[in-house]
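Here the structure comes first, spelled out in structure tokens, and everything after it is commentary.
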Amino acid sequence: MKKRLSFIAAAICLYAPALQAFSLNHEFNVFLGPFNASRTEFEYSLGDKDYQVNANVKTFGLFDSLYPFHAQYATTGKIKNNQMETTSYKYESKSRFTKRSKELVYDNNGNPVYRLSSKNGKEKKVDIDQKLNSGDTTDLQTVFAKLAKQFNEVRFCNSRFEVFDGKRRFDVIFADEGEEELKSNELQPWSVKAKKCSMYIDKLGSNGDDLLWQLTSDKPIYFWIAEEPSGKRPFIVKVYVENTPLGELNLYTTKISVKENN
């Protein structure tokens, strides 16, 4: 469950052209089976030479009483020759009984060098095994930044990105699934024409036991991208997962705000 919420935080990341620096903040609700499960805030900032992504995920209401979880995620990176290169990735999380943290440290070429992690105060440093082919990879938050950059430029999702999470190499595959008219309702305020996209993880023969790893092996995750009204910045309107251990998962973006950074 905690991995699912971390993906949602990751999944809301969007990016637009680097011609003008800006920040975009999302607020969204996550519904998981019968539960109104999470309130989350997500912000990314983009400049000519660098970018930053931050997310704050927290369970909500009855679901918080049953499965309390709070996490913060942060990615920084450089933009060189119109390409995005991760410089740091960090997260901290807290559940009922466990506090965790992880940091990936990168060299000047954007390659991960070592991983710092902790669990309930026990810290560990692990050098990245170069046999894992982690060079020229990125973190999951930056993947969605790259996808949105592509979408903003050419208006399609079809793409494949190489990712390394500190332990495993895998590919994230996106595909176009058509276009839909979304109507506003009591769960989300947007009436927009949106592109429907799918996401699938190619595990490249690796094993994993987290929820994102399992779910995207069998069926894709679907999400809808639209343009925000004022500046036509792309944002994810909603996300849908057909099957989780607690039933369907639906995410609805409830509010966005854009700040142009001159």
Query - Greater than 12 external heavy atoms within 6.0 Å of Glu123's CD - result: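 No, because the 6.0 Å sphere around CD of Glu123 holds 12 heavy atoms or fewer from other groups.
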Query raised in the report: With a cut-off of 6.0 Å (strictly less than), are more than 12 heavy atoms of other residues, nucleotides or ligands near CD of Glu92?
Result: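 Atom CD in Glu92 is not crowded, with 12 or fewer foreign heavy atoms closer than 6.0 Å.
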Could you see if [X] belongs to whatever hydrophobic cluster contains [Y]? Use Ile, Leu, Val, Met, Phe, Trp, Tyr and a side-chain cutoff under 4.5 Å.
X: Tyr89; Y: Val105; answer: no
X: Val30; Y: Tyr252; answer: no
X: Leu182; Y: Ile221; answer: yes
X: Leu246; Y: Phe60; answer: no

Validation row: [X], [Y] side chains within 4.5 angstrom (heavy atoms):
X: Phe42; Y: Val57; answer: no
X: Tyr67; Y: Leu32; answer: no
X: Phe164; Y: Ile128; answer: yes
X: Phe174; Y: Phe151; answer: no
X: Leu140; Y: Asp165; answer: no
X: Tyr240; Y: Trp224; answer: yes
X: Thr138; Y: Met84; answer: no
X: Tyr222; Y: Glu242; answer: no

Can you tell me if [X] uses its side chain to pair, donor with acceptor, with the backbone of [Y] under 3.5 Å?
X: Thr59; Y: Phe69; value: yes
X: Glu248; Y: Phe31; value: no
X: Ser45; Y: Gln52; value: no
X: Arg96; Y: Leu66; value: yes
X: Asp107; Y: Asn109; value: yes
X: Ser191; Y: Ser184; value: yes
X: Thr253; Y: Lys238; value: no
X: Glu27; Y: Thr254; value: no
X: Asn81; Y: Gln83; value: no
X: Gln188; Y: Lys183; value: yes

Kindly give the heavy-atom pair with the smallest separation between [X] and [Y], and that separation in Å.
X: Asn158; Y: Ala175; answer: OD1-CA, 3.1 Å
X: Gly110; Y: Tyr106; answer: O-CD2, 3.3 Å
X: Asp139; Y: Gln141; answer: OD2-N, 3.1 Å
X: Leu147; Y: Phe223; answer: CD2-CZ, 3.7 Å

Requested in this report: Determine, step by step, whether Thr86 and Thr75 satisfy the side chain to side chain contact (heavy atoms under 4.5 Å, CB included) criterion, reporting the C-alpha distance in whole Å, the side-chain angles of both residues, the deciding distance to 0.1 Å, and the verdict.
Outcome: CA-CA 7 Å; Thr86 309; Thr75 296; 4.1 Å; yes
Query - Pair Thr142-Tyr51, side-chain donor/acceptor within less than 3.5 Å - result: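 Looking only at side-chain atoms, Tyr51 and Thr142 do form a donor-acceptor pair, the distance falling under 3.5 Å.
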Query raised in the report: Is it true that the side chains of Asn54 and Gln72 contain a donor and an acceptor less than 3.5 Å apart?
Result: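 Distance-only check fails for Asn54 and Gln72.
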**Report entry** Carboxylate-amine/guanidinium proximity below 4.0 Å for Asp176 and Lys195
**Finding:**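 Between Lys195 and Asp176 there is no salt bridge, as every charged N stays at least 4.0 Å from the carboxylate O atoms.
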Query - Side-chain ion pair, Glu85 and Lys78, N-O less than 4.0 Å - result: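 Yes, charged N to carboxylate O under 4.0 Å.
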Mind listing the side-chain donor-acceptor pairs of residues 113-122 below 3.5 Å, one per line with the distance, residues two or more places apart or on another chain?
from   : atom 1 : to     : atom 2 : distance (Å)
Arg115 : NH1    : Gly166 : O      : 2.4
Ser118 : OG     : Ser101 : OG     : 2.5
Asn120 : OD1    : Lys99  : N      : 2.8

